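Data first, discussion second: the structure below is written as structure tokens.
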2 protein chains.
Amino acid sequence: MTSQGLLSQANGIPEEINGLRMTRQRQEIYKLLMGERSHPTANEVFMRIKESLPNISLATVYNCLEALVQHHIIRQVNFDREPSRYCPNLDEHGHFHDEATGTIHDVKFKPGINLTDLLDLPPHTVIKDIEITLRGQLSAS
Amino acid sequence: MTSQGLLSQANGIPEEINGLRMTRQRQEIYKLLMGERSHPTANEVFMRIKESLPNISLATVYNCLEALVQHHIIRQVNFDREPSRYCPNLDEHGHFHDEATGTIHDVKFKPGINLTDLLDLPPHTVIKDIEITLRGQLSAS
DNA sequence: ATTGGATCAAGAACTATTCTAATTTAAATT
DNA sequence: AATTTAAATTAGAATAGTTCTTGATCCAAT
Ligand SMILES: [Mn+2]
Ligand SMILES: [Mn+2]
Ligand SMILES: [Zn+2]
Ligand SMILES: [Zn+2]
């Protein structure tokens with residue numbers, strides 16, 4: 001007979017992504033991140049996810065976010081020592097923190113740009129990850 | 001008569017930098033950072049500075065580092081959620097974290113590179129600070 | 001249906017950092 | 001030079017984001 005598990009949910013999210021079983025909690029958190037472009041913190045995710053999962057715990061939010069990050073389904077974004085934020089955009093991009101509003105914007109690179117070509121790296125360097133963060137203001141006029 | 005204060009120390013570091021009074025503690029911490037290229041954490045600074053200032057407290061190390069950062073005498077460097085590190089290099093540069101050894105290397109930009117020109121920023125954006133961090137390995141051969 | 005491993009929930013624990021309050025130091029004023 | 005005033009330092013308590021621990025629950029495989 002057909003499984004009573006994840007397959008039967010038919011909500012558009014596959015039961016497994018990058019080898020990570022997509023439990024109900026992971027699915028809902030992933031859906032929330034895909035819907036919001038606001039790069040929420042773990043606590044913001046926790047508060048918003050209660051609408052669909054009233055019994056979820058903050059520990060589970062952290063566990064799910066970590067699992068999603070480690071399976072390269074979402075990305076963790078840090079600004080200085082502020083709480084970590086989470087981003088569902090897997091394209092190579094940077095993050096601009098607008099200090100006037102507190103909002104965070106994805107920043108694409110201009111076409112044909114390869115970051116490591118512009119850096120004076122030591123020889124035989126294997127780069128696994130680059131992070132670019134910007135801080136400033138979106139001026140009025 | 002001549003001051004009994006900072007002027008009489010004659011150790012090469014001026015009594016004031018960028019409007020910040022260079023107390024004994026701030027001087028020693030600044031000297032230590034200028035001597036080390038290792039981007040130490042506050043706790044590492046604390047342990048090493050005890051040689052010259054046996055009675056200093058960790059709170060003072062944090063206070064001094066924050067004062068030096070806010071007066072643009074040194075820079076604070078963050079890798080993900082690891083303890084903050086401190087860098088005396090004021091040139092525009094990025095940081096490469098070698099995961100094999102745990103060491104951090106300054107990374108210069110190739111000549112003539114203007115980072116913001118390569119980014120697809122929203123219009124009317126005033127950038128106050130850019131941070132570039134890289135993670136990877138310095139492979140053997 | 002049973003089993004075993006994965007996941008979840010609740011709260012305790014951890015740790016880098018910041019805060020508080022008292023003391024000390026140094027600059028400014030008299 | 002003594003007094004006054006403000007800044008800096010210290011020690012320890014407090015904070016906060018995150019991680020850990022443990023027992024319960026869920027689910028896929030047998
Ligand atoms: Mn930073
Ligand atoms: Mn990071
Ligand atoms: Zn993003
Ligand atoms: Zn540096």
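Quick caveat: nothing in here was measured; it's all calculated off a predicted structure. Below, chains carry the letters A, B, ... as their sequence lines are ordered, and counting in each starts from 1.
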Legend entry - Spatial distance of atom CD1 (A:I17) from atom CG (A:L68) [nearest 0.5 Å]: 8.0 Å
Inset, instruction - Could you pull out all residues at least two apart from B:N63 that satisfy side chain to side chain contact (heavy atoms under 4.5 Å, CB included)? - result: none
Legend entry - Value in whole Å for how far the P atom of D:dT9 lies from CG of B:L65: 11 Å
Legend entry - Between B:H95 and B:H97, a side-chain donor and acceptor under 3.5 Å: no
Inset, instruction - Nearest whole angstrom, please: distance from the C1' of C:dT25 to the CG of B:L53. - result: 14 Å
Legend entry - Protein-nucleotide distance (B:E16, atom CD; D:dA8, atom C1'), rounded to Å: 15 Å
Inset, instruction - Please name the pair of heavy atoms, one in B:V77 and one in B:H39, separated by the smallest distance, quoted to 0.1 Å. - result: CG2-CD2, 4.5 Å
Legend entry - Closest non-hydrogen atom pair between A:T133 and A:F79, with its separation: CB-CE2, 3.9 Å
Legend entry - Letter per nucleotide, 5' to 3', of nucleotides 5-17 of chain C [B base touched, S only sugar-phosphate touched, - untouched; heavy atoms, 4.0 Å]: -SSSBBB----SB
Legend entry - Test side chain to side chain contact (heavy atoms under 4.5 Å, CB included) applied to A:S57 - qualifying residues, sequence neighbours left out: A:A59, A:T60
Legend entry - Angle by which the axis turns from one end of the helix from C:dA1-D:dT30 to C:dT30-D:dA1 to the other, five pairs per end, to 10 degrees: 30°
Inset, instruction - To the nearest Å, give me how far apart CE (A:M47) and C1' (D:dG17) are. - result: 14 Å
Inset, instruction - Hey, could you give me each pair passing salt bridge (charged side-chain N to carboxylate O under 4.0 Å, His left out) that has a residue in residues 104-118 of chain B? Not counting sequence neighbours. - result: none
Legend entry - Rounded distance (Å) that lies between atom C1' of C:dT18 and atom CZ of B:F46: 16 Å
Inset, instruction - Give the rounded distance in Å between these two atoms: CE of B:M22 and P of D:dA8. - result: 12 Å
Legend entry - Inter- and intrachain pairs under salt bridge (charged side-chain N to carboxylate O under 4.0 Å, His left out), touching residues 34-46 of chain B, at least two apart: B:E36-B:R48, B:E44-B:R85
